[in-house]
Each structure stands twice: as C-alpha cells, then as structure tokens.
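What you are looking at is a predicted structure, and each value in this text was computed from that prediction instead of being measured. Below, chains carry the letters A, B, ... as their sequence lines are ordered, and counting in each starts from 1.
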There are 2 protein chains.
Amino acid sequence: MRIGELSRRTGVHERLLRYYEQQGLLYPERAPSGYRSYQESDVETVRRIRRLLSAGLNTETIATVLPCVRVKAGNLVPVCPEVIDDLRAHRERLTQAIEELLASRDLLDAVLEAAPLELTR
Amino acid sequence: MRIGELSRRTGVHERLLRYYEQQGLLYPERAPSGYRSYQESDVETVRRIRRLLSAGLNTETIATVLPCVRVKAGNLVPVCPEVIDDLRAHRERLTQAIEELLASRDLLDAVLEAAPLELTR
DNA sequence: CTAAGCTCTGACATCCATGTCAGAGTCAAA
DNA sequence: TTTGACTCTGACATGGATGTCAGAGCTTAG
C-alpha cells in the first residue's frame with residue numbers, strides 16, 4: 001500500500017511515516033516512480049512504534065528493539081545483550097512509575113472512602 | 001533549603017527545578033531576597049517528577065497527578081462536595097496514566113519475551 | 001566591609017518528535 | 001488527455017525538556 005493509506009489506517013501523519021523511515025524504523029520498498037510501497041504488516045509495526053514512543057522510548061532505541069518483535073514473526077534476528085539490558089532498565093522505570101501511581105490512587109481511594117457518606121454519589 | 005542544595009541532593013539541574021516550578025510542579029516559598037525556599041519534602045517530589053518523566057509522562061500530566069501524591073503528606077483534606085469531585089477526577093487521571101504505563105510495559109514484556117533465550121539472565 | 005559563591009530573571013541554543021508548506025513529478029478516472 | 005488526487009524531497013516552524021550564559025542582586029566567611 002502507499003503512504004496515504006498507511007497514514008489513514010494508522011492515524012499517523014505521513015510526515016511521520018517518512019521520518020520513521022529516515023530513523024530506520026520502517027523500510028518500505030519503492031515503486032519505479034519512487035513511491036513508497038508498504039507491507040500489510042507495516043500497519044501493526046507503525047502501531048507498535050507509536051506505543052513504544054508513548055512509553056518514553058526514542059526512535060533510536062526503538063530501532064534496536066523492533067527486530068526483536070520481528071523474531072516473533074519467525075525471522076531470526078540476533079539481539080545484543082546490552083539492548084536487552086536497556087529494555088529491562090526501561091521496564092524497571094515503568095514499573096516504578098506504575099507503582100507510584102498505584103500507591104497514589106490507593107491513597108486517594110482511602111480518602112474517598114473516608115468521605116462522609118452523604119457526599120458520596 | 002535553597003535551590004543549590006535541592007539540585008545537589010536530587011542531581012537535577014537548577015535550570016530544571018525552575019522549569020518545573022514554571023510548569024506548576026513545584027511551588028517553593030520565596031525569601032524576602034527572592035530566593036526560592038524548598039521544603040524537605042520537595043526532595044522526594046523532585047525524584048517522583050523525574051521518575052514520571054522518564055516513564056513518558058509530560059509535565060502537564062504530572063501536574064494533574066502530583067496533587068494526588070501530596071495527599072500522602074498526611075494533610076487533612078477538607079471534604080466538601082467539590083473537593084470530592086476533584087478527587088474523583090484526579091483518580092480518573094491516575095487510572096488513565098496507570099493504564100497507559102501498563103500497556104507500555106506489556107509491550108516491552110512482549111519484546112523481551114521474544115528475545116533469544118541465551119540472552120536471558 | 002569585601003570577596004567568593006549563591007541566586008535571580010531572561011534570553012538564546014539544542015535535541016527530538018512533529019507540523020506545514022512549496023514545487024515538481026505520478027496516477028487514475030472521466 | 002486532462003484534471004484532481006496522490007506522492008516525492010527538502011526546507012522551515014513548533015513544542016517540550018534541557019543546557020548555557022550574562023548581568024544584577026544576595027549571603028556569608030574572613
């Protein structure tokens with residue numbers, strides 16, 4: 001498919017699809033005209049990219065990480081240990097943030113529970 | 001304490017402490033001289049801010065989320081209906097942030113699971 | 001009191017992810 | 001074949017987090 005359709009199907013600005021390619025996250029084929037030609041699977045890849053970005057990873061890290069995901073797709077891709085370590089570190093940070101927010105929410109719940117009943121609705 | 005000490009104790013650039021204040025994440029008192037005067041508790045607050053930032057939250061989101069954390073400080077929360085509503089709204093924001101981070105972590109887990117076994121340690 | 005070291009504000013700079021636009025070429029339906 | 005929609009590249013702009021610097025005003029040890 002061409003870039004317009006991929007953009008429509010993912011909700012991601014064409015400009016960004018080109019940018020992701022430039023950053024090594026996507027590598028569509030090219031028609032003789034020069035038009036980019038994307039695989040069906042790129043739809044899912046783009047969504048993954050977006051999720052990883054919103055998780056706080058940068059494009060460079062994502063570039064090293066996407067091939068791992070592709071392992072699942074059946075291709076063999078060697079991944080160096082330090083990347084794995086990076087990912088684990090990032091996972092750790094996410095976990096900390098999650099726990100922090102969970103604790104905050106529990107506290108909030110306690111306060112809300114302590115609120116006079118007549119205010120609860 | 002003044003900004004230099006807070007910076008030293010948290011490892012966060014003074015420039016950023018001023019920026020966080022500007023974004024409504026910190027609001028130190030001011031000495032007559034105009035110098036910022038931070039609470040002891042701000043050390044922990046700054047660390048929290050950094051953790052949340054590295055988890056991919058932006059300062060605006062953090063600003064909506066930090067007040068919940070501040071309940072923890074043991075302050076009495078005046079319980080009028082609008083406060084209750086505020087708290088519920090805060091809880092909602094917390095829940096959203098938590099869910100986003102959980103989704104991010106799940107994705108990361110999927111990537112890590114796909115990593116070659118020999119690299120798992 | 002003075003010098004050294006802090007702090008203040010405000011401006012400018014940088015990096016990354018995005019947005020937007022212009023000018024030129026391509027595709028496809030009428 | 002023409003026209004409108006699509007795509008290409010490249011450049012410039014923006015927004016958020018961060019770094020850096022200048023000039024001026026505090027603070028405090030000596």
Legend entry - Spacing between B/Leu25 atom CG and D/dA17 atom C1', to the nearest angstrom: 12 Å
Inset, instruction - Kindly say whether B/Arg30 contributes a backbone atom to a donor-acceptor pair with the side chain of B/Ser37 at under 3.5 angstrom? - result: no
Inset, instruction - Could you tell me whether the phosphate oxygens of D/dT7, OP1 or OP2, come under 4.0 Å of any side-chain nitrogen or oxygen in A/Arg36? - result: no
Inset, instruction - Return the residues of residues 10-23 of chain B meeting this criterion: a heavy atom under 4.0 Å from some atom of DNA chain D. Order them by number, or give none. - result: B/His13, B/Arg15, B/Leu16, B/Tyr19, B/Tyr20
Legend entry - Separation of atom CD in B/Glu60 from atom P in D/dG16, rounded to whole Å: 8 Å
Inset, instruction - Report yes if the side chains of B/Arg9 and B/Glu40 come closer than 4.5 Å at any heavy-atom pair, otherwise no. - result: yes
Legend entry - Check: A/Ser7 side chain, A/Ile3 main-chain N or O, donor-acceptor pair, under 3.5 Å: no
Legend entry - Rounded distance (Å) that lies between atom C1' of C/dC27 and atom CE of A/Met1: 18 Å
Legend entry - Interatomic spacing from CG in A/Leu52 to CG in A/Asn58 - rounded to 0.5 Å: 10.5 Å
Inset, instruction - Report yes if some heavy atom in the side chain of A/Val43 is under 4.5 Å from a heavy atom in the side chain of A/Met1; otherwise report no. - result: yes
Legend entry - Contact under 4.0 Å: A/Ser33 side-chain N or O vs D/dC8 OP1/OP2: no
Inset, instruction - Would you indicate, yes or no, if C/dA17 has its OP1 or OP2 atom less than 4.0 angstrom from a side-chain nitrogen or oxygen of A/Thr59? - result: yes
Inset, instruction - Return the value, rounded to whole Å, for the distance between atom CD1 of B/Ile3 and atom P of D/dT27. - result: 15 Å
Legend entry - 5' precedence on DNA chain D between A/Tyr35 and A/Arg30 (nearest-nucleotide basis): A/Tyr35
Inset, instruction - Figure out the CD1/P separation between B/Ile62 and D/dG16, and round it to whole Å. - result: 14 Å
Legend entry - Side-chain (B/Asp42) to main-chain (B/Thr45) donor-acceptor, under 3.5 angstrom: no
Legend entry - Side-chain N or O of B/Arg2 closer than 4.0 Å to phosphate OP1/OP2 of C/dG5: no
Inset, instruction - Report which part of the nucleic acid B/Arg8 touches: base, sugar-phosphate, or nothing (heavy-atom distance under 4.0 Å, all strands). - result: nothing
Legend entry - Heavy-atom pair of closest approach, residues A/Val46 and A/Leu17: CG2-CD2, 3.9 Å
